[in-house]
Structures are given as C-alpha cells and as structure tokens.
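Throughout, residue positions are numbered sequentially from 1 according to the sequence presented.
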Amino acid sequence: MKKDDPCTGVCAWDGRTGWCLGCGRTVPEIKAWRKLTPYRRTALLRELPRRMQQLGPPPGDADPGGRPRGA
C-alpha cells in the first residue's frame, strides 16, 4: 500500500454496492485514483470509512457471540 492509496490488497467486490471489500472504492474510482485531484482524493478518502462500516465485518469474522457471520 502506498502512502496515499487506500488499497489493502483484498480486491473483492460487494455485488450489491460494487464497493471493494478491502478499501471501499468502486472499480472506476480505483482506475481513476492517480488522476484524481487532491481535493477529489481527500473527499473520497473521507467517504471510505462510512462505506466500509456499511459493508460490515469482513467475511469469516465472528460476531460478538463467537458465531461466524451469517450463522
């Protein structure tokens, strides 16, 4: 991961939202990342935590009760 790049190397997409499960960006946002202005990058970086929270815990993570997600 580069200093200003939110990529985590997961690169799997949520079928409902189209967001990457690792960083929260869409494919077009990932492709355009290097060409975005600093303002647009900052705006997107501020949006990503909300998206990641909306996606929920990564697959395989246990819930507080110790059960696998979806069980």
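Side chain of Thr8 to backbone of Gly22: a donor-acceptor contact under 3.5 angstrom is found. In terms of modelled atom types and a separation under 3.5 Å, the side chain of Arg41 and the main chain of Asp5 share no donor-acceptor contact.
To the nearest 0.5 Å, atom CZ of residue Arg25 and atom SG of residue Cys11 are 8.5 Å apart. In this structure, Asp4 CG and Thr42 OG1 are separated by 8.5 Å, a value rounded to the nearest 0.5 Å.
A single hydrophobic cluster is seen to contain both Leu48 and Leu36, as judged by linkage of ILVMFWY side chains at heavy-atom distances under 4.5 Å, directly or through other members.
Residue pairs meeting the side-chain hydrogen bond (donor to acceptor under 3.5 Å, both in side chains) criterion with at least one member in residues 12-22, sequence neighbours excluded: Asp14-Thr17.
Here the shortest heavy-atom pairing between Cys20 and Leu55 reads O-CD1, 3.8 Å. Of all non-hydrogen atoms in Cys23 and Pro6, the two that sit nearest each other are CB-O, 3.4 Å.
The environment of Arg50 atom CZ is dense: over 12 non-hydrogen atoms of other residues, nucleotides or ligands sit within 6.0 angstrom.
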Could you walk me through whether Arg40 and Leu44 pass side-chain contact (heavy atoms from CB on, under 4.5 Å), step by step? CA-CA 6 Å; Arg40 299 273 299 158; Leu44 183 53; over 6 Å; no
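Here Arg51 pairs with Glu29, Glu47 under the salt bridge (Lys or Arg N to Asp or Glu O under 4.0 Å) rule; sequence neighbours left out.
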